[in-house]
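Notes follow once the structure below has been shown.
Throughout, protein chains are lettered first and strands after them, A, B, ... in sequence-line order, and every chain is numbered starting at 1.
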There are 4 protein chains.
Amino acid sequence: MKAISKSQIKRDALVKATICLVNNNGFHATPMSKIAKMANVSPATIYLYFKNKQDLANQVYMEVKAEFSSFAFKDYDPGMSVEEGFQKIWMNIATFKLREVDHALFLSQCDNTPMIDEESRQQGLKHLEPLVELWERGKKEGILKPLSPFVLYAFTIYPITFLMNIENGGLCKVDEQALEKAYVAAWDSIKL
Amino acid sequence: MKAISKSQIKRDALVKATICLVNNNGFHATPMSKIAKMANVSPATIYLYFKNKQDLANQVYMEVKAEFSSFAFKDYDPGMSVEEGFQKIWMNIATFKLREVDHALFLSQCDNTPMIDEESRQQGLKHLEPLVELWERGKKEGILKPLSPFVLYAFTIYPITFLMNIENGGLCKVDEQALEKAYVAAWDSIKL
Amino acid sequence: MKAISKSQIKRDALVKATICLVNNNGFHATPMSKIAKMANVSPATIYLYFKNKQDLANQVYMEVKAEFSSFAFKDYDPGMSVEEGFQKIWMNIATFKLREVDHALFLSQCDNTPMIDEESRQQGLKHLEPLVELWERGKKEGILKPLSPFVLYAFTIYPITFLMNIENGGLCKVDEQALEKAYVAAWDSIKL
Amino acid sequence: MKAISKSQIKRDALVKATICLVNNNGFHATPMSKIAKMANVSPATIYLYFKNKQDLANQVYMEVKAEFSSFAFKDYDPGMSVEEGFQKIWMNIATFKLREVDHALFLSQCDNTPMIDEESRQQGLKHLEPLVELWERGKKEGILKPLSPFVLYAFTIYPITFLMNIENGGLCKVDEQALEKAYVAAWDSIKL
DNA sequence: GATGAATGAGTTTTCATTCAT
DNA sequence: TATGAATGAAAACTCATTCAT
């Protein structure tokens, strides 16, 4: 049915190679030629799909971020209770970060270094809108502390990135049980 | 009294320029020539003080990390109660990160990208030893949740970095009051 | 018939430029940029054909040495008498050194300075095997003095290099007749 | 008696360091800073004794060459018979090259690469005048073949350099007996 | 005389990007 | 669409030489 064009295959290979190489070496230490080689493509071919290196980074960022967001709100329903909804989203994000390590690491690199255009970065922020709305409701309902979304994010979602980095460095292993305990910490930090 | 040698002045200028430029562009996008220019020095002069670019990064990292640690434990006394001690350290770190933005941003870059030698990074980790010990005591005394130091760090210290980044991006301002509220979130997340 | 690729032409130009410039200035005093300029090529292009400067030197050495060897044993037949065979080889080598001055000078540089990898140098030594075998036979047959191949080489082949250098410096001219006389000196020095 | 000035000591150290380093790395791969370090002297000090790097090379060359020449004609007396005189000189030179390896190697480098000014090189050639005169006499007396001094040199003196290089590379050992046999080869090559 | 610090000019090498095919 | 070859511009780093002390 779905005929995936040869073009699409090549583009996908380029995106994948970019993620892999940037994760291991950083953006500026990743030459276009290596990306091309890993994608089994000529360097010149990259420029058929992307305007330049910066554009490649931006596009990959946007795509991975979109994938992340859609994952984050899987099975989430705005009709859920605040706690239930938050737990669902938190667990989704944690699962993504701990299981889709490559993509999560890439996002972490993008969010912590000046490799992405400010514009694209702003776009990326919008993706968490539903979570922000949930938080607003929680505050109105007197369930959550009256904290700005930035602070709420800092103490609940951002820590997962640290755990991912640590696990990826081999310093610890985050299993099901550890995840449950981490969730409690996250919830305790923001619940009233 | 203290005669600061001309050499020391030049070295300091180089360290400062490195921090500034790496913060703005990232390590690999910061050429030695620009560091030299900002420090009002010839590129060749850098190599009188540092073996190469990697060595420059490592040395600056170690120095800033040491500064950070000494700041983190200012006025801290292992004889304090767990909560009192934790608050002291947390506030120190937050103050450092929100006031000494340049240095904190630099550490954040170092900790989130592969720009520092693994060896130097390991050295840097040792600096938080007293905090880890405090946590161990807290767990024994039944005051803290039985979480690994990694998780405790992720939910109390790591979030501050996010707030710093956000504030630095101009998206929000963290004042005294916001800091107090953030501290509560940190403490709530780990206290039993 | 034989279509010589554009690549081959460029590589040849680089090899030729290397030989010329190294002969005139020495290896370390010959910058890649000058080699590129003489070959009408961008400096970066050199690195499409050679891994680095050392590799360039090694490859050129190996090629010229191979050319030298094949020239040295042209029309030589192991079935010849010792004297006949020796004369043939000696004359070949002399002709090469006095006529293919550029290539011979280059080999002389390589053999007298630490510019070539030890490995490549060892490879180069193997090329004279047939001459060494001829000498062994000559000693067994009681025609040659019982000297080690090193000494035999020193007094018969090595002197040609000196004549080449002198002629190249414009201090003398070695014509057909002078060559014959030189050959006699060479043969007299090792024959019993 | 002979008070060797501090200056002289320093200059000697510089000369010695130059010889050592040039032998091991070649002239252009030997930085002034390393010469200074090996001579326990500041780089700037070199310029008190030598105008520049080229001048340093030239002066060292001239001095070593002079030492070589004086060694070559030790105990030689123009009144000796041609053969006796030649043997004396040949043995002197061989002894120098095989025993004063450092200095001989240095001369070999100078004579085989473009590191010395043409002018200094010309100066160096003059040192062998007495040997050339001996040869002229030998030719007149019908003892030597009617060959130009260049050819005579090529087949008698120049080979010693090869043996020195080989011995220095550890490929063979030239003992007293081997030297005698080598001398015979040298003499046979030029005697009538 | 002696030097440590400093540097301008130059070295090797890399890489994002283009272009003829 | 796809590419291999080519390169200008710039990177990290070196070094002969100078100069204030």
Side-chain angles (χ1 to χ4, degrees), chain A residues 5-7 9-11 27-37 39-57, chain B residues 5-11 28-36 39-56, chain C residues 5-11 28-36 39-56, chain D residues 5-8 10-11 27-37 39-57:
Chain A
S5 70
K6 271 217 161 167
S7 279
I9 290 173
K10 259 175 200 171
R11 214 195 97 105
F27 176 60
H28 285 289
T30 298
M32 296 294 260
S33 56
K34 267 196 198 158
I35 296 176
K37 194 164 288 171
N40 272 110
V41 155
S42 157
T45 302
I46 301 182
Y47 293 84
L48 299 176
Y49 297 94
F50 306 95
K51 222 175 58 191
N52 52 37
K53 200 185 180 187
Q54 186 61 60
D55 181 49
L56 168 62
Chain B
S5 70
K6 265 206 163 175
S7 278
Q8 192 56 47
I9 290 173
K10 249 168 210 177
R11 195 181 175 285
H28 285 291
T30 298
M32 297 296 259
S33 57
K34 270 195 198 155
I35 296 176
N40 269 109
V41 157
S42 155
T45 302
I46 302 182
Y47 295 88
L48 295 179
Y49 298 93
F50 307 95
K51 222 175 56 191
N52 50 39
K53 200 184 179 187
Q54 184 63 61
D55 182 48
L56 168 61
Chain C
S5 71
K6 265 203 162 177
S7 278
Q8 192 56 47
I9 291 173
K10 246 166 210 177
R11 194 181 175 286
H28 285 291
T30 299
M32 297 296 259
S33 56
K34 270 196 197 154
I35 296 176
N40 269 109
V41 158
S42 156
T45 302
I46 302 183
Y47 294 85
L48 296 178
Y49 297 94
F50 306 95
K51 223 175 55 191
N52 51 38
K53 200 184 180 188
Q54 185 63 60
D55 181 49
L56 168 61
Chain D
S5 69
K6 270 217 162 168
S7 279
Q8 192 55 46
K10 261 176 197 171
R11 212 194 97 105
F27 176 60
H28 285 288
T30 298
M32 296 294 261
S33 56
K34 268 195 198 160
I35 296 176
K37 195 165 289 171
N40 272 110
V41 155
S42 157
T45 303
I46 301 183
Y47 293 84
L48 298 176
Y49 298 94
F50 306 95
K51 221 176 57 191
N52 51 36
K53 199 184 181 189
Q54 185 63 60
D55 181 50
L56 168 61

Pick base, sugar-phosphate or nothing for A:Tyr49, based on heavy-atom distances below 4.0 Å to the nucleic acid. sugar-phosphate
Value in whole Å for how far the C1' atom of E:dG10 lies from NZ of C:Lys53: 12 Å
Nucleotide F:dC13, atom P - distance to OH of B:Tyr47 in whole Å: 4 Å
d(D:Thr45 OG1, D:Asn40 CG) to nearest 0.5 Å is 11.0 Å
Check this one for me: any side-chain N or O of B:Lys10 less than 4.0 Å away from OP1 or OP2 of E:dA5? no
Given the rule in the side-chain contact (heavy atoms from CB on, under 4.5 Å) test, do C:Leu48 and C:Lys10 qualify, once you have shown the distances and angles that lead to the verdict? CA-CA 10 Å; C:Leu48 296 178; C:Lys10 246 166 210 177; over 6 Å; no
OH-CG distance between A:Tyr47 and A:Asp55, expressed to the nearest 0.5 angstrom: 10.5 Å
What is the distance, to the nearest angstrom, from the CG atom on D:Leu56 to the P atom on F:dA16? 10 Å
Nearest to the side chain of C:Met32, which nucleotide is it out of E:dA2, E:dT13, E:dA16? E:dT13
Just verifying a value: how many Å separate A:Lys37 NZ and A:Lys34 NZ, rounded to the nearest 0.5 Å? 9.0 Å
Could you check how far NZ of A:Lys37 sits from C1' of E:dT14, rounded to whole Å? 13 Å
Interatomic distance, B:Asn52 CG vs E:dT12 C1' [rounded to whole Å]: 16 Å
Identify which nucleotide among F:dA11, F:dA16, E:dT18 has an atom closest to any side-chain atom of A:Ala44, counting heavy atoms from C-beta outward. E:dT18
Looking only at side-chain atoms of B:Ser42, point me to the closest of E:dG8, F:dA2, E:dT3. E:dG8
Atom NE2 of D:His28 to atom C1' of E:dG10: distance rounded to whole Å? 14 Å
Specify the separation, in whole Å, of atom CZ of A:Phe50 and atom P of E:dT18. 16 Å
By nearest heavy atom, map B:Lys51 and C:Asn40 onto DNA chain F; which one lands nearer the 5' end? C:Asn40
Which heavy atom of C:Asn52 sits nearest to which heavy atom of C:Met32, and what is that distance? C-CE, 4.3 Å
Is A:Lys6 touching bases, backbone alone, or none of the nucleic acid, heavy atoms closer than 4.0 Å? nothing
If I take atom CD1 in residue A:Ile46 and atom C1' in nucleotide E:dC19, what distance separates them, rounded to the nearest angstrom? 16 Å
Which of these nucleotides, E:dA5, E:dG1, F:dA5, is closest to any side-chain atom of C:Ser7? F:dA5
Do any side-chain nitrogens or oxygens of D:Thr45 fall under 4.0 Å of OP1 or OP2 in E:dT3? yes
